[in-house]
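Worksheet for the structure shown next.
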Amino acid sequence: MSILIKNCRILVKDKLYVKNILIKNGKIAKITNKELKADKIIDAKNNLVLPGLIDVHVHFREPGLTHKEDFLTGSMAAAKGGITTILDMPNTIPPTTTIVALEEKRKLAAKSIVNYGFNFGASGNISDIKKAKNIAAVKLYMDPTTGDLKTDDLELIKDVLKASKLIIAHAEEDNVKSLIEIMAKNKIKNHLHVAHVSSEMELNHAKSRKLKNVTVEVTPHHLFMNEKDLQALGAFAEMKPRLKTENDQKALWHGINNGMVDVIASDHAPHLKEEKEKANYPFGVPGVETMLPLLLDAFNKNMITLPKIMELCCENPAKIFRIKNKGLLKEGYDADLVIADIEKRQAVRSEDLLTKCKWSPFEGKILKGWPVATIINGNVVYDNGQIFGIKAKEVQYGR
Ligand code: NCD
Ligand code: ZN
Ligand code: ZN
């Protein structure tokens with residue numbers, strides 16, 4: 001089966017060109033000016049075509065919390081948002097901290113329509129960490145958040161950093177500093193990826209020793225909201241780490257444009273409206289459907305460039321997590337791509353959302369720039385409001 005996607009506006013070395021993309025057997029076979037023959041022709045109508053986004057931080061809630069989301073609904077929402085690969089987090093019930101739980105989750109994820117991978121939870125389980133096969137990273141929680149995985153034993157944290165090639169940390173404020181100090185003091189060569197950096201202080205701590213094996217992730221909610229949004233949204237804008245000041249928000253944008261930020265990830269953390277309305281509401285907001293529209297809108301407002309979006313949402317995630325054959329529009333790479341209409345203006349509306357939680361902190365916001373079609377492993381999985389439920393694959397890592 002071959003598909004020719006005609007009239008794709010693509011970035012080649014930071015410049016836009018209109019090209020045709022030939023897809024064969026789920027891979028990008030040719031990027032060309034020629035009108036090659038194919039079984040099926042799709043006209044991208046000069047729209048922007050990017051590599052599918054790789055979201056390294058989502059909570060698809062399966063098993064145990066499937067009233068909030070599951071691999072099918074979460075992946076449908078992701079596909080609609082132009083995300084073609086996700087890495088799931090381990091704070092499910094049971095948590096993904098044992099080989100049995102990992103293999104169980106692997107079975108459940110087979111229904112996903114976007115490509116997927118798993119982050120394994122750290123909780124005094126060094127021997128399981130060493131045995132876990134084909135995992136993206138080990139997730140270390142140093143602060144309280146959804147789930148029960150918090151670790152504050154510094155010896156154990158050191159052992160986790162030594163036991164895994166790639167560690168993602170949920171660390172807030174001074175805990176970012178402690179982590180970097182442990183990395184530096186013990187000359188740890190493994191890679192530390194600091195999740196959802198939310199403030200100037202956390203950003204500076206993460207980059208303080210300029211360690212090459214430390215990378216920084218920021219989320220759309222910390223980029224597009226600040227603590228003032230709490231007044232109107234209350235619990236619907238409460239997540240970990242909390243929204244910070246306008247000044248912190250600016251520091252994150254500054255970090256994006258000066259190279260201090262390596263990855264943008266959604267931290268898609270759906271909770272039901274009813275749960276958010278309770279006095280002891282859970283923390284987290286959904287994000288896979290709004291991440292790319294928010295970034296394209298920011299591009300339209302000259303806040304970020306298209307190459308930067310590609311670098312932080314496609315290229316760097318693939319590089320840092322060593323995901324094979326993804327993150328670039330390149331011959332031989334997997335045919336994971338998103339077609340986006342950068343002129344399309346539309347409001348975020350909860351009734352359009354495919355996430356099970358059916359709300360967004362960005363509800364009502366009019367954004368310019370939306371994904372219109374998503375192709376995963378060479379299959380059209382999303383096209384103008386319609387989802388085609390074709391199962392995707394678990395990603396493989398080059399290490
Ligand atoms: C996340 C969740 O709900 O799973 N919540 C959040 O506020 N970010 C957990 C997390 O990423 O810390
Ligand atoms: Zn977290
Ligand atoms: Zn998270």
Side-chain angles (χ1 to χ4, degrees), residues 55-71 73-74 77-78 83 86-97 105 117-123 136-152 157 167-173 175-176 179 192-199 202 206 215-225 227 229-230 233-244 263-276 278 280-288 290-291 317 321 355-357 359-361:
D55 189 348
V56 303
H57 189 156
V58 309
H59 302 267
F60 280 180
R61 307 294 192 209
E62 202 171 347
L65 296 160
T66 52
H67 59 289
K68 300 176 196 268
E69 197 78 286
D70 61 48
F71 276 105
T73 56
I83 293 162
I86 58 97
L87 300 180
D88 190 55
M89 284 298 173
N91 59 340
T92 43
I93 303 176
T96 320
T97 49
K105 184 174 271 193
F118 308 104
N119 293 306
F120 196 75
S123 71
V138 168
K139 178 75 183 278
L140 178 67
Y141 291 90
M142 290 178 76
D143 294 274
T145 185
T146 308
D148 212 6
L149 286 169
K150 182 175 167 273
T151 305
D152 40 25
I157 290 170
I167 302 93
I168 308 179
H170 175 132
E172 300 186 29
E173 303 188 345
N175 278 338
V176 179
L179 259 185
L192 171 69
H193 179 73
V194 187
H196 46 42
V197 165
S198 65
S199 65
E202 288 174 358
T215 45
V216 161
E217 164 194 304
V218 300
T219 72
H221 42 269
H222 294 113
L223 287 172
F224 294 98
M225 292 195 281
E227 61 185 8
D229 291 288
L230 284 164
L233 293 171
F236 292 90
E238 288 282 9
M239 75 293 290
K240 296 286 188 183
R242 276 196 103 194
L243 292 174
K244 301 291 180 344
V263 170
I264 300 175
S266 72
D267 191 9
H268 178 78
H271 297 285
L272 297 187
K273 264 188 196 157
E274 302 91 274
E275 297 172 319
K276 281 291 199 181
K278 287 187 184 148
N280 60 341
Y281 54 79
F283 296 96
V285 298
V288 283
T290 43
M291 177 157 81
F321 288 79
T355 168
K356 231 179 231 185
C357 76
W359 61 272
S360 163

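Predicted model only: the values in this text are computed from it and were never measured. Remember, it's 1-based here, ligands and their atoms both numbered in the order they're listed.
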Nearest heavy-atom neighbours spanning Phe71 and Glu62: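 That would be N-OE1, 2.9 Å.
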Would you name the heavy atoms of Thr355 and Ala77 that are closest together and state the gap between them?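 Taking every non-hydrogen atom into account, N-CB, 3.7 Å.
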Give the numbers and elements of all ligand 1 atoms closer than 4.0 Å to a heavy atom of [X].
X: Asp267; answer: 8 (N), 11 (O)
X: His271; answer: 3 (O)
X: Ala269; answer: 1 (C), 2 (C), 3 (O), 5 (N)
X: Lys240; answer: 6 (C), 7 (O), 8 (N)

Which one holds for [X] and ligand 1: side chain close, backbone close, both close, or neither close, with close meaning a heavy atom under 4.0 Å?
X: Glu238; answer: neither
X: Val285; answer: neither
X: His196; answer: side chain
X: Arg61; answer: side chain
X: Met239; answer: both

Just one of Lys68, Lys276, His67 clears the side chain to side chain donor-acceptor pair (under 3.5 Å) bar with His271, so which one?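 Checked Lys68, Lys276, His67 against His271; only one passes side chain to side chain donor-acceptor pair (under 3.5 Å): Lys68.
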Taking atom types as modelled and ignoring hydrogens, do the side chains of His59 and Glu69 form a donor-acceptor contact shorter than 3.5 angstrom?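 Result is no, nothing qualifies.
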Thr73 side chain to Lys356 side chain, donor-acceptor N/O pair below 3.5 angstrom: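 Note: Thr73 and Lys356 side chains miss the donor-acceptor criterion.
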Looking only at protein heavy atoms, which one is nearest to atom 5 (N) of ligand 1, and what is the separation?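 Protein heavy atom with the smallest distance to atom 5 (N) of ligand 1: Phe283 O, 3.1 Å.
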What protein heavy atom sits nearest atom 11 (O) of ligand 1, and how far off is it?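 Residue, atom and distance for the closest contact: His59 NE2, 3.1 Å.
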Keeping the roles fixed (side chain from Glu217, backbone from His196), state whether a donor-acceptor pair exists under 3.5 Å.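 Indeed, once roles are kept as given, a pair shorter than 3.5 Å links the two residues.
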Would a distance-only check, ignoring hydrogens and angles, find a side-chain to backbone donor-acceptor pair under 3.5 Å from Asn119 to Lys139?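 No; zero donor-acceptor contacts below 3.5 Å.
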Can you tell if the side chain of [X] reaches within under 4.5 Å of the side chain of [Y], non-hydrogen atoms only?
X: Pro90; Y: Leu149; answer: yes
X: Ser266; Y: Pro286; answer: no
X: Phe224; Y: Thr290; answer: no

Nitrogen or oxygen of Lys139 less than 3.5 angstrom from that of ligand 1: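 No.
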If you measure every N or O of Gly284 against every N or O of ligand 1, does any of those distances drop under 3.5 Å?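 N/O-N/O distance below 3.5 Å exists for this pair.
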Given Met89, which of His268, Arg61, His170, His57 fulfils the side-chain contact (heavy atoms from CB on, under 4.5 Å) condition?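 Running side-chain contact (heavy atoms from CB on, under 4.5 Å) over His268, Arg61, His170, His57 with Met89 returns exactly one hit, His57.
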I'd like to know if Lys240 and Asp143 make a salt bridge, using a cut-off of under 4.0 Å between side-chain N and carboxylate O.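 Salt bridge absent between Lys240 and Asp143.
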Salt bridge check: are Glu238 and Arg242 linked by an N-O gap of less than 4.0 Å?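 Result for this pair is yes, salt bridge flagged.
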Hey, looking at atom 10 (C) of ligand 1, which of Asn91, Thr145, Asp143 has the closest heavy atom?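 Going through Asn91, Thr145, Asp143 one by one, Thr145 has the nearest heavy atom to atom 10 (C) of ligand 1.
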Protein N, O or S within less than 2.8 Å of the Zn ion (ligand 3), waters excluded: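 His57 NE2, His59 NE2, Asp267 OD1, with waters left out.
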